Structures are given as structure tokens and as C-alpha cells.
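One structure is given here, and the rest of the page talks about it.
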Protein chains: 2
Amino acid sequence: MATTDSTTRNLRRRNRSAVLRELLRNGETTRGQLAGALSLSPATVTNVIADLMAEGLAHETGSLPSDGGRPTTTLSIRPEGAFFIGADVGEQGVTVEVLDLALMQRSKVFRDVSSRSVGPTELSEALYAAIDEAVLAAGSPANIYGVGLGMPGIVESSTELDEARTITIYAQSLNWPPTRLDAIYGRADIPIFADNGAKTLATAEAWFGAAKDVTDGVVALLGRGIGLGIISDGRLLQGTASSAGEWGHTKVTLGGPLCNCGSRGCLEAYVGGGGIARRWREAGADPSANEELALTELLAAVSRGDAVATRVLDESVEILGLGLSNLVNLMNPERIVLGGWAGLQLASTHLAEIADATRGFSLKRPAAQFDLVPSKIGRDGIALGAALLAVEKLVETPLVKILAASE
Amino acid sequence: MATTDSTTRNLRRRNRSAVLRELLRNGETTRGQLAGALSLSPATVTNVIADLMAEGLAHETGSLPSDGGRPTTTLSIRPEGAFFIGADVGEQGVTVEVLDLALMQRSKVFRDVSSRSVGPTELSEALYAAIDEAVLAAGSPANIYGVGLGMPGIVESSTELDEARTITIYAQSLNWPPTRLDAIYGRADIPIFADNGAKTLATAEAWFGAAKDVTDGVVALLGRGIGLGIISDGRLLQGTASSAGEWGHTKVTLGGPLCNCGSRGCLEAYVGGGGIARRWREAGADPSANEELALTELLAAVSRGDAVATRVLDESVEILGLGLSNLVNLMNPERIVLGGWAGLQLASTHLAEIADATRGFSLKRPAAQFDLVPSKIGRDGIALGAALLAVEKLVETPLVKILAASE
DNA sequence: CGAGTTACGGTAAGTCGTAAATTAACCCTT
DNA sequence: AAGGGTTAATTTACGACTTACCGTAACTCG
């Protein structure tokens, strides 16, 4: 089946990856801590750290006070050791961020793509412009190690026999034809990565956010549409063509309203931000055309005691709970993270109700084993997670071959 | 987070595991093939094979004809190198199999547990008796390396802080209270393992059956109830308390008939073997009390053109397709395997219809990427997969510490 | 029967990780 | 202010593994 990877060569690379990943996730630490956390010997950590310092990715930042004894020197990522670009291709436009290796935001640019039916060409132009602007604002660093895109829809990654990795985007919600990633953005000097936005959000939450240290969890992205990233055994599920996690068009009922995917009874048609607004409108209300605002208005009406709004919300909570319960039974997660603008709004006012509904539909054992929390990273999560695609590449592959300088 | 495992010590163990696993899965091979398949050097393979031969797990069985040159010696598992017991705790009774290391069945015993509401104590007695009988029939081998149980319901495996692994069974369908595994079967000399039966079936299908070489797939077990094993990235999903895969009580519709889990709209209530029979009965028919026979009768009636039966079946196909489509969207499998007595019956007559229904409810891309096939292993799969739990343990941990005989 | 061919096993070299010993850096006491 | 105590980090020594290379075994073909 798979290859073994158990060669002495790969040992060093794997240890480098483990140490670097730990450094990125935990900020400042010490050699001793690393050795303990990764159950490596101090000597190995010293060696790997030396490599990383030679690569310019880490440095010693200071020392901890000691009461007798050599003080522990603290280690950190060298922020300017590498830069990454993350882009969130969203409903209203493109958000581009430049991050340094410490994963701090160096610049951020939003570019409106006004028309709802923006095509690949327009997006491509906006993306090039936004990236140029963001890079400039970040001080035009030379060592940009990759660009990551968080896209709506299915992002298929197929590795052909000739090893050329092709990424194709099937953005149904944008009415795009299948589009190759390199048609949107491609530069010879910088590798480009892409994944579905919900999955990049899940990656970000798993690195720093509400899903940190969670080995089995799901991150739901409720915006106009619905997305999902599933973390199982510490890894993001990909599936055979990396389209795993398409939760929005799973069915919560036989029949039901027509969804724009062409099917009926899709979860997204009920409890996506768009679906909630539509259902409130059909119940006789007249909310803002802006769906995010509409949800705010709905929640305000509910808190005023408005009966119609309450019914629409209760129904939403019930259906969302049903959808989540299916995930609870199937995945047995320890945590469910609710993100996206709709998810955050709902979580801020009705988190407990959603959790109760979910538990009500779930089997008892798994129902008792998860908790439901709001996203911790917020709206920059999609772009941040997209940038992490490039970071993970750097973590896995040492770019600089270290030479023994002495002798 | 996790430890790294990247020590030189573990290298040998990992290579041993890889080679042994490959041997088990592929039957007879040669050193060269192993080296190629696992991308290990010939020397490494030679060393590992020498270890395995010293452990009594492998041996040279012959040689291939060569057209000039030293003939390739063929290697095989030594069947009597180890024995394993697998048990299928099913609806009507307990099936116990004894397997040798070549994973050939050496004996098989079925023990009726007539009453439907059999408790842990009765089951335990039946299990002890059946195992004793099966071991005797297999020639009472001394080197039995483990007993695996495929159980209905949730099998929770929790590793406590003191490393004592506790397995608890929540068999709702048997109306059991939470039961600790060691209360059912426990012998000091033989380790005991357990998992949900659908998951052990999935393991068996992944090793030899319809899911061999499938890295992302789902194996559905349709019997009286419904179970599922999800294979993702080559691994069986477990979840935080190893109850992942509980598909039977995911909801296919809001409301719907009451399920014996206490909830409404569960998939199992519609298209479990029991659910289908019940729905046919409610439509006015009078099938056998034996649900397996009832399904056969239903399918016969459909082939005769019986309108009521056809409606019940069409509905079943539709709902099963809907349930499967949710898995297709979520997991993006390359293959769906249909097993269990109900699954096999349905597959034998209506496989294409089920596939069509599933594709109809799924998103277009993932719909085009899976195929639907019947289980290849058949009814012994649950017990076989259960035995594999013990086999995997042997694969992972070399029991014999090899000593350098010379010097 | 000998030459050619192929597979396997052994040997030497290089690499990596661990453990132990050593050095480095600092505090505290006298 | 000097020396002992203490802890962190590095160096050294060693063992284990993989790899590359070479020799040998075993068989076929001419």
C-alpha cells in the first residue's frame, strides 16, 4: 500500500518537522520543553534547533531567570524567516493577508468584487492586485514561501502519474465552470495552494483556535452557505479527491425546498445565513437584503419576543441541531466549533439551545462527549488557514540543505 | 501534542510491522517484491525477514523458476506461527472462528443464544463455551495471540491515566446496561479486543475484501440494524471515544417514525432489515417473522411485479440512497461497500438502483468518484475483522526479543 | 560442462539518536 | 570576590540502522 518512510534519512526530517511545528504552535519555548513534549532527547533537539537556526527559521530570544544553574535559553520562531500569503475568496470579495513566520499578520487587503457573478478572470485580476498591494504593505519581503487560497466550493487536488499536482476548483456557488488553480494565480517563484474555505478555517482553529489540541472535532462554517472541516485523529479529512467535508448539501429531510444545488432538503437551504433570511421572509417579515444584517435583525426580533421570528429561529436551531447530530453520531467528536458570520451570531445568543438540540438528536454516549464552542479566531480564519497550507509545506520540507561550515 | 516516534529504536519495529503486514495481506511474495512495495532496501528486508523467521511467523516456501540466475525464494507466513480467535456477537447468537496466521479459518462454531433479550451473563457463558469448542476443534494450539469481539452497539475504548485500557460496551439494541468487556470474557493469558461489528467488517474488507487498497471508503453493514465503518486515508475512523461510524441513527428526515433509540427519523428505522420488513407489513403485507426471509420474500414479490412491494422497495432504495449520499458528500469515498444480510440481498438485485439514488442526492463531483459494490467477504466478515484486531496487535508489537545466537 | 545471469547475504561506511560526560552559565554563600 | 552548587546545553562515545557495494549461491542456456 503506502511506503514506509522508515529510513534513517527521513528520521531527521521528521524530527525537524515535529520541532518546527511545535515552535510555530507554541510560540516561545525552550529546548527542554521541546524534548519533553516530543519525547526526543535533549541532544536531538539541540541538533535540530541548530539546523533550524541555520535555515534562519528560529533563533534564541533570551533566557529565563534561574535560581542557581545555567539559565534556560528561550527559543522562538524568527518572524522574518519566512512569509506567507493567505487569501479568503469570499462572497463579497477577496481578503488577502501577509503573515510572517510567527504567523502574525503583516498586512491585510480587502478587495471588493462587487458583482455576485464574478468569473474566474475577474477574480484572478482582483487577486493579483490584492496580493501585490498586500506584499508591498508588508515591506516587500523576498522570502515568501507560498500563497494559500481558501475557496468556496470543491477544491480538487489530483496528483497525476507524472507527479504534476493539479488543483481544480468547482465553485458551484459562484457558477464557475471547473477552473484550474493556475488559471487564477500562478507565479513560477512562489508555490500556490488551495483548499475549501471551511477546511482552511478548520486548520486555523486546529492550530491556534477553538480546536487546538483537539484530535477529533468538526469546525462548521456558517455563512451564506455552509461548510465543514472534519478533524479526525488530528488530521483534516480529505477524501479521495479532497472534497470531504461537503456538509451543506447533506439532506436533513426527504423532499423539502429546492436548493440551488438542484437537490431538495439540503441543510444549507434551511440554516445557511441565506436560508434563514429566506425563511424569515417567507414567514412574512421584511429583513435587510444584506443577509448578515438580516440575521442580526432576526435575533433582535427574537429577543423582543416577536413570535414569527422566534418560530423561524427555533426551527433553525432544531434543523442545525439535527445536522450537527448526524456529525456527532458519525464522527464522535470531542468538540464542535461554530464559525462564520452566521455561526458566530447564532453562537453568541443561542449556543446552549443549539447544543441541546444537537444532543437531543444524537445517541446518548457521543452526545455526552462533545462540547459546542464558538470559533475563536473569527473572520480572518479562512485566510489564516489558507496561509497555513503553505506553512505546512515549509514544515514538511527543509528547503536549505545544511552544509558543515567548519573544517 | 503527539509524540514523535522518530527514534532509531522504533525504526526496526516499524519496518517489521510494515513487512509483516505486507506478508499477511499478500500471501506469498519475495524479498525483492517487499523491498519494492515498501521502498526499503533489500538488506533491510533481509534483516527483518530473518527476525520474522526467528519469531516463527514467516518461512521460505519455495523458489520461483528463473530464466538464468539464482531463483527467487518465495516467502510466506508460517500458518501455525500464531492463532487468533474472532467472534461475531450477532442478533441470533455467537459465531466464533479460530484463524491461523495465514488468516485461514481453522474452525468455526455457532452458538445459538435463542432469547432476544440475552444479557451479558448468558452471552458470556455462550462465548466461553463456543471459544473452548472452537479452540478444541482447531487442535488446541498453544500460541493464541488474542481474542477479538465484533459487538453490536457502541464499544468505547478509554485509556485511563494509569494506562489501564478499559473497554466498555453500550449495546443499546440488546438492552444491556453499560458492560465492561472483561466481564464478558477475560483470561490472563490471552488479550481480548473488541469493536463494533460494522467496524470489524470494514477492517476485514479493507484487508482482503471489497475495500482492499481503498484509502477512502465506507463499509455499510445492513442487517436488522445498520452499522458503518469509515475508512479515511487508509485508517478506520474511531472518534474521541471510538464510537465513530454510528450511522444507523443519523436522521434522514425531520420527524418520521419513532426509532427504538428514542428518536425520530433514524435511517435504521427505514432501511434496516427490520425497518423494511415493518414498512412492508404496515403496507398490508404479511411476511415471515424472520426478517431475513421477509426481505427475500419482498424482493421476490417485487420481481413478480407486486405493486405494494415495489413501492416499499423503491422507498427503501431512495432512503438508503439519501443516507449514502450524505456519506458521499461528507467523506468523498472512492468506494462504498454494502454488506450484512440485508445489504447483500439488496445488492444482488438492486445495486444499480441504489447507486443511482445515491448519486442523485449527492453533489456532482463526489457522486462521480465513488463506486458501489457488494461485500466480498460475506457473513464471516465480522468475526474475521474481529480477529484482525488481535492480528494488528501482533503486527505492531514484536513479542519475541531476538537474541544474537552467535558469540 | 562452463559462461552468463539473477537473487541473496554479508561487509563496510555513513547517519542518526541516545546516554553519559563535559562544559557553560548563573546564583548563593562565606 | 572567590568558590561551591546547580541547572542547561553541548560534546563525545556508542549502538543501531540503512545503504551501497561486493561476493557467493543457484540456476539456465549454449
Side-chain angles (χ1 to χ4, degrees), chain A residues 3-19 28-54 58-75 398 401-407, chain B residues 3-19 28-54 58-75 398 401-407:
Chain A
T3 51
T4 315
D5 251 19
S6 289
T7 71
T8 41
R9 290 215 204 314
N10 292 346
L11 267 188
R12 185 56 161 271
R13 170 163 32 197
R14 288 168 45 150
N15 286 339
R16 192 201 85 117
S17 297
V19 170
E28 204 174 58
T29 108
T30 70
R31 283 174 242 255
Q33 276 181 31
L34 288 170
L38 304 171
S39 59
L40 293 171
S41 73
T44 302
V45 174
T46 294
N47 287 333
V48 172
I49 290 290
D51 287 358
L52 291 176
M53 292 198 293
H59 58 181
E60 300 182 338
T61 45
S63 51
L64 296 173
S66 81
D67 40 9
R70 177 173 175 171
T72 309
T73 58
T74 53
L75 302 167
K401 180 69 191 169
I402 314 296
L403 299 175
S406 56
E407 226 171 300
Chain B
T3 52
T4 314
D5 249 21
S6 290
T7 72
T8 40
R9 288 211 206 314
N10 293 345
L11 263 189
R12 183 56 161 272
R13 170 162 30 196
R14 289 168 43 151
N15 287 340
R16 193 200 85 116
S17 298
V19 170
E28 207 174 54
T29 69
T30 70
R31 283 173 242 257
Q33 275 180 33
L34 288 170
L38 303 171
S39 58
L40 291 173
S41 73
T44 303
V45 174
T46 294
N47 287 333
V48 171
I49 289 291
D51 287 0
L52 291 175
M53 291 197 296
H59 60 181
E60 300 181 338
T61 44
S63 50
L64 294 174
S66 78
D67 38 10
R70 178 174 175 173
T72 308
T73 57
T74 53
L75 302 167
K401 180 68 191 170
I402 314 297
L403 298 174
S406 56
E407 227 167 301

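Predicted model, so just to flag it, every value in this text is computed and none were measured.
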Rounded to whole Å, how long is the line connecting atom [atom1] of [X] with atom [atom2] of [N]?
{"X": "R31(A)", "N": "dT11(D)", "atom1": "CZ", "atom2": "C1'", "result": "14 Å"}
{"X": "R14(B)", "N": "dC17(D)", "atom1": "CZ", "atom2": "P", "result": "14 Å"}
{"X": "N15(B)", "N": "dC17(D)", "atom1": "CG", "atom2": "P", "result": "10 Å"}
{"X": "E60(A)", "N": "dA9(D)", "atom1": "CD", "atom2": "P", "result": "8 Å"}
{"X": "R12(B)", "N": "dG17(C)", "atom1": "CZ", "atom2": "P", "result": "18 Å"}
{"X": "N47(B)", "N": "dC8(C)", "atom1": "CG", "atom2": "C1'", "result": "12 Å"}
{"X": "L75(A)", "N": "dA9(D)", "atom1": "CG", "atom2": "P", "result": "7 Å"}
{"X": "R16(B)", "N": "dC17(D)", "atom1": "CZ", "atom2": "P", "result": "13 Å"}

Any side-chain heavy-atom pair of V19(B) and I49(B) under 4.5 Å: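 Of all side-chain heavy-atom pairs linking I49(B) with V19(B), at least one is under 4.5 Å.
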
Any side-chain heavy atom of T73(A) within less than 4.5 Å of one from T30(A)?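 Answer no - side chains too far apart.
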
What pairs of residues pass the salt bridge (Lys or Arg N to Asp or Glu O under 4.0 Å) test when at least one of them lies in residues 37-48 of chain A, not counting sequence neighbours?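 Output for this query is empty, none listed.
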
With side chain to side chain contact (heavy atoms under 4.5 Å, CB included) as the test, would you mind laying out the steps for L34(B) and L75(B) before giving the verdict? CA-CA 10 Å; L34(B) 288 170; L75(B) 302 167; 4.2 Å; yes

Reported CG-to-CZ distance for the pair L38(A) and R14(A), which is rounded to 0.5 angstrom: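 Separation between the atoms: 12.5 Å.
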
Rounded to the nearest 0.5 Å, what's the gap from OG1 on T44(B) to CG on L11(B)? Could you check?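 Answer for the OG1-CG pair, T44(B) versus L11(B), is 9.5 Å.
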
Taking the minimum atom-to-atom distance to the side chain of T72(B), which one of dT18(D), dA9(D), dC8(C) wins?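 Among the listed nucleotides, the one closest to the side chain of T72(B) is dC8(C).
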
T44(B), nearest nucleotide to its side chain (from dA25(C), dT19(D), dG9(C)):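 Selected nucleotide (nearest to the side chain): dT19(D).
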
Select base, sugar-phosphate, or nothing to describe what T30(B) touches, counting heavy atoms under 4.0 Å on all strands.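 No contact at all - T30(B) keeps every heavy atom at 4.0 Å or more from the nucleic acid.
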
My understanding is that only residues two or more places apart in sequence, or in another chain, count here; which of them pass side chain to side chain donor-acceptor pair (under 3.5 Å) with E60(B)?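 E60(B): side chain to side chain donor-acceptor pair (under 3.5 Å) contacts with R31(B).
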
Of P42(A) and P71(A), whose closest DNA chain C nucleotide lies nearer the 5' terminus?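 Here P42(A) is the residue nearer the 5' end.
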
Between N or O atoms, less than 3.5 Å apart, protein on one side and nucleotides 20-25 of chain D on the other: list the pairs.
none

